[in-house]
K.L.:
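Structure in structure tokens, see below.
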Amino acid sequence: MNSSTTPAPVSSAPIRVRIAPSPTGDPHVGTAYIGLINFIYARQRGGQFVLRIEDTDRARFVATSEQMIFDALRWLGLSWDEGPDVGGPYGPYRQSERTEIYREHAEILLANGTAYRCFCTAEDLEAARKHQMAAKLPPRYPGTCRNLTPDQIAENLAAEKPFVIRMAVPTEGETTFRDELRGEITFSHNNVDDQVLMKSDGFPTYHLANVVDDYLMRITDVIRAEEWISSTPKHVLLYQAFGWPQPRFWHMPLLRNIDKSKISKRKNPVSLVYYRQAGFLPQAIINFLGLMGGGMPSPTPVEIVNGAKETEVFSLEEMVQRFEVPNIRLGGPVFDLTKLKWLNSEYLRALPPDTFFAALRETVLSDQYLRDVATLVQSRIETLGEFGNLTAFFFQDNVLPPPEVWVPKKRTPEETLLFAAEQLALLETTDWTTEAIEPALKQLGETHSWSVKENFMLLRAILTGSTMSPPLLESMVVFGKARTLDRLRRFLDTQKKLAANKK
RNA sequence: GGCGUUAUGGUGUAACUGGUUAACACGUCGCCCUCUCAAGGCGAAGAGUCCGGGUUCGAGCCCCGGUAACGCUACCA
């Protein structure tokens with residue numbers, strides 16, 4: 001019982017693509033990358049670009065995230081034709097507002113036997129998984145509930161046992177699909193698990209929601225990150241279970257850290273908010289992202305003769321004109337901050353002086369920022385001329401406190417660094433208000449037996465480079481979460497490198 | 001461990017889809033310019049295309065076999 005891809009009947013339909021970020025935190029540079037490729041693809045073919053918010057994970061949901069995603073993508077110039085905020089004919093575009101749709105579709109699968117109710121508890125599954133791992137078997141759903149009788153199901157339902165709905169993946173055969181960049185990819189059904197489609201909280205998982213929405217929203221081309229390749233057979237099986245035509249699949253290479261691992265905040269700034277606040281220009285980021293994976297053809301000899309010189313510097317408009325999505329290279333490109341900075345400097349230098357000044361006044365020297373900073377120092381300033389001395393760290397890109405500043409008297413550098421890492425981990429998940437930060441930090445200090453003084457002084461040293469500064473928490477709020485966390489990470493990183501060099 | 005994907009200087013990409021000494025950009029180093037630092041100009045080092053076989057007059061491009069990296073392996077996306 002093999003299922004293979006039939007040439008997608010949607011191929012002649014008007015092009016519609018989508019980007020589907022999850023509001024789980026700061027807008028991610030990877031979202032911008034995939035967004036860019038989708039945007040270009042749609043623009044080049046007179047198609048529509050849809051923004052859909054995938055907020056089905058209520059555990060990781062961050063309320064402020066959605067608006068930040070809108071702002072960041074607009075800032076980059078990647079505007080969408082349909083989305084939660086602009087509407088469109090296939091709404092709603094927020095998955096949390098579509099739960100009824102998913103429920104109905106899950107019913108269809110239940111009715112035609114391609115899905116089933118599973119009453120296993122999380123503990124059951126965890127135990128089973130452990131056994132499988134111990135026996136060196138691939139961890140898979142054991143199939144306990146796959147063949148429950150109607151009576152057993154009725155009984156469980158009557159007892160109001162919580163359940164999930166799982167996909168009934170065929171036990172034999174394989175699924176083949178076409179990746180437009182790589183050709184055919186085949187997965188044996190032995191390696192496709194009975195995925196949960198509907199969680200016990202009534203929300204769908206990505207797999208169900210994504211397929212249902214892509215179909216209902218008439219998406220013709222699914223252009224997403226490579227990490228989705230492994231779950232594509234599940235999606236293909238779902239299209240088949242519904243009797244729907246499949247979209248084309250394009251899996252883009254993953255952006256990487258310098259060490260080639262999937263890009264992550266631990267090793268590289270990934271928040272678009274950070275890049276904006278740190279003074280990167282959207283044109284530079286778009287340009288840089290356009291360099292990742294190739295796709296932008298070099299000028300032909302004829303074009304060079306006619307004056308085309310730059311092969312690395314180009315605008316979003318030029319990309320729409322010349323970029324070739326099918327030419328994307330598949331090796332995961334390293335997101336090299338050094339080259340991004342060079343590009344940014346190219347754009348900065350090219351700005352007319354007035355525009356350059358305006359850019360400064362809109363970002364690192366905005367009225368709002370200056371006002372916030374001024375508020376913090378008014379009570380401790382003697383002459384206006386001291387303003388710079390008192391606030392320098394707000395305007396520096398990095399600070400490098402010497403050990404005598406950041407290591408508390410009764411602590412070793414090693415334990416201090418360990419605690420600083422704890423502070424970072426904590427702050428990453430803390431709301432960015434003094435009311436939230438203060439108790440969280442104090443609590444952390446208590447559990448690690450760090451006095452409030454040592455605790456706060458360490459942070460102050462790392463963030464301001466000095467043991468004297470305006471109020472710490474207020475300063476952190478003004479400086480911003482993205483940049484504060486970045487400064488912390490860079491400090492830890494620098495110290496790690498220094499320690500390594502000593503050895 | 002299983003499955004999948006990928007593989008060109010340190011990094012990002014090129015190389016008419018088999019045809020000369022593998023090209024460009026960033027970075028690095030040197031020189032010039034200059035009150036300094038950048039920018040700019042000139043120049044250099046750095047890969048023989050992951051490894052091993054094969055096909056061919058000829059392979060970075062084709063075939064076979066390895067290796068490594070990465071991804072997935074959740075009631076996360």
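Bear in mind that the values here come from a model prediction, so they are computed numbers and not experimental data. The chains referred to below are lettered A, B, ... by the order of the sequence lines, with proteins before strands, and numbering in each begins at 1.
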K.L.:
Please tell me which of the listed nucleotides, B/C72, B/G1, B/A39, lies nearest to the side chain of A/Pro138?
P.N.:
B/G1

K.L.:
Output the rounded distance in Å from CG (A/Asp336) to P (B/C26).
P.N.:
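So the CG-P distance, A/Asp336 to B/C26, works out to 12 Å.
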
K.L.:
Suppose you measure atom C1' in B/U11 against the same atom in B/U28; what distance do you get, rounded to whole Å?
P.N.:
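These two C1' atoms come out 12 Å apart once rounded.
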
K.L.:
Please report, rounded to the nearest Å, how far the C1' atom of B/G1 is from the NE2 atom of A/His131.
P.N.:
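Atom-to-atom, A/His131 to B/G1, this comes out as 18 Å.
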
K.L.:
Please state whether the phosphate of B/A74, meaning OP1 or OP2, lies under 4.0 angstrom from any side-chain nitrogen or oxygen of A/Arg129.
P.N.:
yes

K.L.:
Expressed in angstrom and rounded to an integer, what is the separation of A/Lys341 atom NZ from B/C26 atom P?
P.N.:
17 Å

K.L.:
C1' atom, B/G65 versus B/C72: distance in rounded Å?
P.N.:
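It works out to 26 Å between them.
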
K.L.:
Scan every strand shown for a Watson-Crick or G-U wobble partner of B/C76, both distances under 3.5 Å, and answer none if you come up empty.
P.N.:
none

K.L.:
Which residue, A/Asp193 or A/Glu54, contacts RNA chain B at a nucleotide closer to its 5' end, judged by nearest heavy atom?
P.N.:
A/Asp193

K.L.:
Please indicate whether A/Phe357 has more than 12 foreign heavy atoms, meaning atoms of other residues, nucleotides or ligands, lying under 6.0 Å from its CZ.
P.N.:
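Not buried by this count: 12 neighbours or fewer within 6.0 Å.
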
K.L.:
Any side-chain N or O of A/Lys199 under 4.0 Å from OP1/OP2 of B/C76?
P.N.:
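Answer yes for this pair, as a side-chain N or O of A/Lys199 is under 4.0 Å from OP1 or OP2.
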
K.L.:
Looking at A/Arg329, I'd like to know whether one of its side-chain N or O atoms comes within less than 4.0 Å of OP1 or OP2 on B/A14.
P.N.:
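Result: yes.
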
K.L.:
Under 4.0 Å between a side-chain nitrogen and a carboxylate oxygen: does that hold for A/Arg266 and A/Glu428?
P.N.:
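Yes, A/Arg266 and A/Glu428 are salt-bridged.
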
K.L.:
Hey, does A/Ser200 reach any base, or is it just sugar-phosphate, or nothing, if we go heavy atoms under 4.0 Å?
P.N.:
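Contact class for A/Ser200: base.
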
K.L.:
When all nucleic acid strands are considered with a 4.0 Å heavy-atom cut-off, which category describes A/Thr24: base, sugar-phosphate, or nothing?
P.N.:
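Counting heavy atoms under 4.0 Å across all strands, no contact is made by A/Thr24.
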
K.L.:
In whole Å, what is the span from the CD atom of A/Glu184 to the P atom of B/U5?
P.N.:
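Those two atoms, CD and P, are 12 Å apart.
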
K.L.:
Both conditions, 6.0 Å and 45 degrees, for the charged tip of A/Arg322 above the ring of A/Phe314: are they met here?
P.N.:
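No, A/Arg322 does not sit over the ring of A/Phe314.
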
K.L.:
Side chain of A/Leu330 only, please: which of B/U6, B/A77, B/G4 is the nearest?
P.N.:
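From the listed options, B/U6 comes nearest.
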
K.L.:
Rounded to whole angstrom units, what separation is found between the CZ atom of A/Arg140 and the P atom of B/C75?
P.N.:
13 Å

K.L.:
B/A77, B/C75, B/A25: which one has an atom nearest the side-chain heavy atoms of A/Trp342?
P.N.:
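My answer, after comparing the listed nucleotides, is B/A25.
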
K.L.:
If we take the C1' atom in both B/G40 and B/G4, what is their distance in whole Å?
P.N.:
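That atom pair is separated by 49 Å.
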
K.L.:
Out of B/G27, B/U5, B/C70, which nucleotide sits closest to the side chain of A/Thr338?
P.N.:
B/G27

K.L.:
Between A/Arg218 and A/Asp213, does any NZ, NE, NH1 or NH2 come within less than 4.0 Å of an OD or OE carboxylate oxygen?
P.N.:
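The answer is no: the pair does not qualify as a salt bridge.
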
K.L.:
Starting at CG of A/Leu255 and ending at P of B/U6, how long is that distance when rounded to a whole Å?
P.N.:
17 Å

K.L.:
What contact category does A/Leu343 fall into here, base, sugar-phosphate, or nothing, at under 4.0 angstrom with non-hydrogen atoms?
P.N.:
nothing

K.L.:
Please tell me if A/Ser231 has a side-chain N or O lying less than 4.0 Å from either OP1 or OP2 of B/U73.
P.N.:
no

K.L.:
Which listed nucleotide (B/A77, B/A39, B/A74) is nearest to the side chain of A/Pro139?
P.N.:
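So the nucleotide nearest the side chain must be B/A74.
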
K.L.:
Determine the contact category for A/Met292: base if any of its heavy atoms lies under 4.0 Å from a base atom, sugar-phosphate if only primed atoms, P, OP1 or OP2 are that close, otherwise nothing.
P.N.:
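It contacts sugar-phosphate atoms only.
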
K.L.:
State whether A/Lys260 places a side-chain N or O below 4.0 Å from either non-bridging phosphate oxygen (OP1 or OP2) of B/G12.
P.N.:
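Yes, within the criterion.
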
K.L.:
Return the pairing partner of B/U21 with a 3.5 Å limit on both distances, Watson-Crick or G-U wobble; otherwise return none.
P.N.:
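Partner of B/U21: none.
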
K.L.:
Could you tell me how far B/C29 sits from B/A69 if I compare only their C1' atoms? Round to whole Å.
P.N.:
30 Å

K.L.:
Is there a donor-acceptor contact under 3.5 Å linking the side chains of A/Ser264 and A/Asn257?
P.N.:
yes

K.L.:
What contact category does A/Pro333 fall into here, base, sugar-phosphate, or nothing, at under 4.0 angstrom with non-hydrogen atoms?
P.N.:
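The answer is sugar-phosphate, as A/Pro333 gets under 4.0 Å only of primed atoms, P, OP1 or OP2.
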
K.L.:
Please determine, by modelled atom types, if A/Asp179 and A/Trp250 share a side-chain donor-acceptor pair under 3.5 angstrom.
P.N.:
no

K.L.:
Among B/U5, B/A77, B/G12, which nucleotide has an atom closest to any side-chain atom of A/His207?
P.N.:
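Between B/U5, B/A77, B/G12, the one nearest the side chain of A/His207 would be B/A77.
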
K.L.:
Pick base, sugar-phosphate or nothing for A/Val334, based on heavy-atom distances below 4.0 Å to the nucleic acid.
P.N.:
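It contacts sugar-phosphate atoms only.
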
K.L.:
Under a 90° cut-off about 0 for the syn range, is B/G52 syn or anti?
P.N.:
anti

K.L.:
B/U13 phosphate, OP1 or OP2: any side-chain N/O from A/Lys339 under 4.0 angstrom?
P.N.:
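Checking A/Lys339 against B/U13: no side-chain N or O falls below 4.0 Å of OP1 or OP2.
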
K.L.:
Among B/U5, B/C75, B/C70, which is the nearest nucleotide to the side chain of A/Leu125?
P.N.:
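Among B/U5, B/C75, B/C70, the one nearest the side chain of A/Leu125 is B/C75.
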
K.L.:
From CE of A/Met296 over to C1' of B/C24, roughly how many Å is that when rounded to an integer?
P.N.:
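To the nearest whole Å, that distance equals 15 Å.
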
K.L.:
With sugar-phosphate meaning primed atoms plus P, OP1 and OP2, does A/Phe187 contact a base, only sugar-phosphate, or nothing at under 4.0 Å between heavy atoms?
P.N.:
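Sugar-phosphate: the residue A/Phe187, judged by heavy atoms under 4.0 Å, touches backbone atoms but no base.
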
K.L.:
Rounded off to whole Å, could you give me the CE-to-P distance for the A/Met167 and B/A74 pair?
P.N.:
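The answer, rounded to whole Å, is 14 Å.
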
K.L.:
Inspect the contact between A/Arg98 and A/Glu100 and indicate whether a charged nitrogen and a carboxylate oxygen are less than 4.0 angstrom apart.
P.N.:
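Salt bridge: no.
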
K.L.:
Mind checking the C1' distance from B/A7 to B/G66? Whole angstroms is fine.
P.N.:
14 Å

K.L.:
Using atom C1' of each nucleotide, how far apart are B/G48 and B/A22 to the nearest Å?
P.N.:
8 Å

K.L.:
Checking base pairs now: Watson-Crick or wobble, both atom distances under 3.5 Å. What partners B/U56?
P.N.:
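None - no nucleotide pairs with B/U56, as no candidate has both distances under 3.5 Å.
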
K.L.:
For the residue pair A/Tyr275 and A/Pro269, what are the closest heavy atoms and their distance?
P.N.:
OH-O, 2.6 Å

K.L.:
Hey, is B/U17 sitting syn or anti, using the within-90° cutoff around 0?
P.N.:
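With its glycosidic angle within 90° of zero, B/U17 counts as syn.
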
K.L.:
Rounded to whole angstrom, note down the C1' distance from B/A23 over to B/G60.
P.N.:
13 Å

K.L.:
If you measure from the C1' atom in B/A68 to the same atom in B/C51, how many Å do you get, rounded?
P.N.:
10 Å

K.L.:
Given that both distances must come in under 3.5 Å, which nucleotide forms a Watson-Crick or G-U wobble pair with B/C26?
P.N.:
B/G10

K.L.:
Ring pair (Phe, Tyr, Trp, His ring centres under 6.0 Å) between A/His235 and A/Tyr215: does it pass, once the steps are laid out?
P.N.:
CA-CA 11 Å; A/His235 306 161; A/Tyr215 172 70; over 10 Å; no

K.L.:
Given B/C75, B/C76, B/A25, identify the nucleotide with an atom nearest to the side chain of A/Val164.
P.N.:
B/C75

K.L.:
Let's test this: given Watson-Crick or G-U wobble pairing with both distances under 3.5 Å, identify the partner of B/G71.
P.N.:
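Here B/G71 is engaged in a pair, and the nucleotide opposite it is B/C3.
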
K.L.:
Once you apply the 3.5 Å cut-off to both distances, tell me the Watson-Crick or G-U wobble partner of B/U34, or none.
P.N.:
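Its partner is none (no Watson-Crick or G-U wobble pair with both distances under 3.5 Å).
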
K.L.:
Answer yes or no: does a side-chain N or O of A/Arg166 lie under 4.0 Å from OP1 or OP2 of B/C75?
P.N.:
yes

K.L.:
Taking the six-membered ring of A/Phe163, is the NZ or CZ of A/Arg117 close enough (under 6.0 Å from the centre) and on axis enough (within 45°)?
P.N.:
yes

K.L.:
Quick one: on RNA chain B, does A/Thr205 or A/Leu181 contact a more 5' nucleotide (nearest heavy atom)?
P.N.:
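Final value for this comparison: A/Leu181.
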
K.L.:
State the pairing partner of B/A47; accept Watson-Crick or G-U wobble contacts with both distances under 3.5 Å, and report none otherwise.
P.N.:
none

